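Here is the structure we will look at, set down as C-alpha cells.
Start at 1 and go down the list; that is how both ligands and their atoms are numbered. All figures in this text were calculated on a predicted structure; none of them were measured in a lab. By convention here, the first residue in the shown sequence is residue 1.
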Amino acid sequence: MRRPLIAGNWKMNLNLAQMRALVAGIRAGCDPFGSVEIAVCPPTVYLFPIAEVIADSPIRLGAQDLYYEAQGAFTGEVSAAMVAETGARYAIIGHSERRHTIGHHEDDRMINLKVKAALAAGLTPILCVGETLEEREAGQAAEVLTFQISAALSGVKLASPERLVVAYEPVWAIGTGHNATPEQAQQAHAHLRSRLHAGVGKVAEEVRILYGGSVKPDNAGPIMTQRDVDGGLIGGASLKVDSFLAIIQATAENAAG
Ligand code: PEP
C-alpha cells in the first residue's frame, strides 16, 4: 500500500511572510486528510524558517534542488548535507526547469550524481522525469522516460522504497494548464514502474510515482484514481491554501488502493 504524497513546489515565488501564512493555512486545514503525506518545497534560503513553522506538524520539508559535490569551491551551490541540516526530508532533482532552461541545462549524468548525493546525505530524492511535446508527438515518450529513469538511477541501490519518489512531469503540461489525461498519466506511470522494477528490483512496487503538470482541484480526483499514480507534485496550485488543500482532499478521497 503506497501512501499518497502531495508535494508543493513553490519555485521562486512568495516572500517569507506569505510562506508563513501559506504553511499556517495548510497546517490548520490538513487534519482530516491524514491518509495523505504533505510536503512543501520552498526556495533554499527559506528552508530553515519554514522548518521552524512546520515543526510538530505532519507537513514535511523539501528542497527544490541541491548540488552533487560534498564541499569546496562551488560558489552559489548548496550541498545535500547542507540541505539535510535544515531538516528537509526531500529534494526535488531533475525538474524540467533545470533540465531545459538556459543557464542550467542539467544533463542525465548530473542528475544521477545529484540523486546519489541526496541519498548519501539521507535525503529522499523526488526525481522528475518527463518528455517534451516534440518527443511525445514523435512517439518517443516511453523511450525518453526509459532513458531518463535508467540514467538517473544508474548505480543506485535502494535500501527501502521510502528512499525514492519519482515524479512524472510531462514538460508540455508544466505551468501550461494542459494536463495529461488520467489515461496518459496511468500509461506513463505503469511504464515508469516497470522500468524501475528493471533497475532497482521488487522494491519498485512500493516506490511512489507522483504526477505533476497543471494539477488543479478540478482535475486532481480523476488523476489520483489511477492505479500507478501515488500523489502529485504541484506547482502553481500549491501557492494558495485553498487550492492546495482541495488537491489534498481530492487525493485523500480518490487515491488508488
Ligand atoms: C511543477 O513545477 O512541478 C509543476 C507541476 O507545476 P504546475 O503544477 O504549475 O504545472
Side-chain angles (χ1 to χ4, degrees), residues 4-14 18-19 22 26 36-44 46 60-66 88-106 111 114-115 118 124-133 136 141 144-145 148-149 152 164-182 184-186 188-189 192 208-224 226 228-251 254:
L5 167 65
I6 295 292
N9 176 10
W10 294 351
K11 309 192 184 186
M12 200 173 72
N13 291 298
L14 310 178
Q18 291 166 329
M19 290 179 204
L22 175 55
I26 299 166
V36 177
E37 184 182 351
I38 302 168
V40 294
C41 305
T44 311
Y46 297 107
R60 305 288 181 206
L61 189 65
Q64 296 178 17
D65 187 35
L66 48 74
R89 170 175 296 206
Y90 296 106
I92 298 172
I93 294 176
H95 192 280
S96 71
E97 286 154 17
R98 299 202 64 88
R99 287 180 189 259
H100 299 293
T101 49
I102 295 168
H104 297 304
H105 282 303
E106 294 190 3
I111 290 162
K114 288 186 174 191
V115 166
T124 294
I126 300 180
L127 167 65
C128 299
V129 295
E131 79 285 359
T132 63
L133 186 59
R136 174 161 280 267
V144 168
L145 295 180
Q148 289 181 346
I149 196 137
L164 177 68
V165 174
V166 175
Y168 170 57
E169 297 216 309
V171 180
W172 47 272
I174 297 176
T176 59
H178 302 295
N179 60 298
T181 63
Q184 284 172 325
Q186 170 56 26
H189 283 228
L192 282 169
R208 290 173 296 180
I209 306 180
L210 314 184
Y211 170 78
S214 297
V215 177
K216 309 281 178 230
D218 58 353
N219 63 24
I223 294 175
M224 298 307 162
Q226 299 301 308
D228 287 290
V229 177
D230 309 311
L233 182 56
I234 318 296
S238 71
L239 299 174
K240 294 219 160 69
V241 174
D242 288 356
S243 51
F244 195 54
L245 281 177
I247 290 170
I248 292 165
Q249 177 172 8
T251 304
N254 291 284

- Message: Test of understanding: with ring-ring contact (aromatic ring centres under 6.0 Å, His included), list the residues that count as partners of Tyr168, not counting sequence neighbours.
- Response: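 In terms of ring-ring contact (aromatic ring centres under 6.0 Å, His included), with neighbours along the sequence ignored, Tyr168 is linked to His189.
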
Does any N or O in the side chain of [X] come within less than 3.5 Å of the main-chain N or O of [Y], such that one atom is a donor and the other an acceptor?
| X | Y | value |
| --- | --- | --- |
| Gln64 | Lys11 | yes |
| Asn13 | Trp10 | yes |
| Asn219 | Val215 | no |

- Message: Among residues at least two apart in sequence or on other chains, which ones pass side chain to side chain donor-acceptor pair (under 3.5 Å) with Tyr46?
- Response: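 Tyr46 satisfies side chain to side chain donor-acceptor pair (under 3.5 Å) with no other residue.
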
- Message: So, using side chain to side chain donor-acceptor pair (under 3.5 Å) as the criterion, who are the partners of Glu106 when residues are at least two apart?
- Response: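 With neighbours one apart ignored, the set is Arg98, Lys114.
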
- Query: At a 4.0 angstrom heavy-atom cut-off, what protein residues surround ligand 1?
  - Reply: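 Close residues (ligand 1, cut-off 4.0 Å): Asn9, Lys11, His95, Glu169, Ala173, Ile174, Gly175, Gly212, Gly213, Ser214, Leu233, Ile234, Gly235, Gly236.
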
